[in-house]
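When a ligand or atom number is given, it counts from 1 through the structure's own listing order. Everything numeric in this text was worked out from a predicted model, so none of it was measured. Heads up: numbering here begins at 1 and tracks the sequence.
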Amino acid sequence: MLNHACLRGMNTRESFEAVCGLIDASEVEFDLLLATGDLAQDGSAEAYRYLADAFNCYRFSTCWIPGNHDHYETMKQHFRAERVVPSKHVVSDHWQIVMLNSTLPDMTHGHISASQLDFLDQALQSCPDKHALVCLHHQARAAGSFWIDDKGLKNDEELRQRLSQHTHLRGVLWGHVHQESQRNIGDVKWMSTPSSCIQFKPGNEEFAIDDRPPGYRRLDLHTDGCIESSVYRLSISQLERLV
Ligand SMILES: [Fe+2]
């Protein structure tokens with residue numbers, strides 16, 4: 001989430017820039033940035049233009065999907081730059097990444113439409129020899145907190161059933177829940193990523209802010225289909241300067 005405003009006491013732009021600084025400080029050569037939605041708190045053209053400029057400074061491309069706080073039409077129009085790519089199916093030598101839109105206009109909860117499920121099938125069937133990572137905004141598996149799962153993906157079972165038909169699926173990644181999680185089931189790693197702003201307390205039945213700092217998730221996609229993934233967060237002293 002991003003603009004000049006504060007979200008629960010944290011300035012969203014300052015925390016975003018601090019997390020970008022964390023990425024800048026990494027010695028890793030990244031290939032791609034996956035922006036998994038809720039990129040602008042106010043859905044304004046100004047916010048998306050700012051973000052496009054920020055991501056365009058990187059040497060790698062950014063792929064994106066909208067979140068429930070985004071304004072999709074404004075995003076499509078203004079979240080554009082040379083390295084901010086509109087493609088929702090990215091294919092490399094050994095991997096493919098599919099970006100699914102799970103949002104519904106003016107709704108907090110999510111739903112994967114029939115056309116998005118068809119797009120998923122067509123994309124994965126077009127590259128059956130490549131390992132697959134699928135990204136969406138809402139949680140593809142329950143987080144275990146009633147309040148946030150109540151605002152989750154309403155047809156998550158249908159999505160998982162469709163995903164189970166693709167044996168080259170290796171990972172599913174989402175945002176929305178403002179907390180990290182990682183679970184291996186069979187050959188698939190199911191992952192949520194932390195927010196670049198405030199974090200939600202894992203396992204809480206009611207809404208609660210966690211005291212963990214903002215961060216990002218890094219994924220290493222290996223040629224054999226293995227995914228190594230870790231979360232990197234700001235330090236406590238960096239967090240204290242944000243609130
Ligand atoms: Fe969200």
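His137 lies close to the Fe ion (ligand 1), since one of its N, O or S atoms is found at a distance under 2.8 Å. Among the atoms of Asn68, an N, O or S atom is found under 2.8 Å from the Fe ion (ligand 1).
When the shell of 6.0 Å around CZ of Phe146 is examined, it contains 12 or fewer heavy atoms from other residues, nucleotides or ligands.
Taking Asp220 as the reference, Arg218, His222, Glu228 meet the side-chain contact (heavy atoms from CB on, under 4.5 Å) condition, with sequence neighbours excluded.
Taken to the nearest 0.5 Å, the OG1 atom of Thr193 stands 11.0 Å off from the CH2 atom of Trp174.
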Cut-off 3.5 Å, no hydrogens considered: what does the side-chain donor-acceptor table look like for residues 132-145, sequence neighbours left out?
from   : atom 1 : to     : atom 2 : distance (Å)
His137 : ND1    : Thr36  : O      : 2.7
His137 : NE2    : Asp38  : OD2    : 3.2
His137 : NE2    : Asn68  : OD1    : 3.0
His137 : NE2    : His176 : ND1    : 3.1
His138 : ND1    : Ser102 : O      : 3.4
His138 : ND1    : Ser102 : OG     : 2.8
His138 : NE2    : Thr108 : O      : 2.9
His138 : NE2    : Gly110 : N      : 3.4
Gln139 : NE2    : Ile148 : O      : 3.1
Gln139 : NE2    : Asp149 : OD1    : 3.0
Ser145 : OG     : Gly203 : N      : 3.3
Ser145 : OG     : Asn204 : N      : 3.2
Ser145 : OG     : Asn204 : O      : 2.9

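Taking the Fe ion (ligand 1) as reference, the nearest N/O/S atom within Asp38 carries the name OD2. Residue His176 approaches the Fe ion (ligand 1) most closely through its N/O/S atom ND1.
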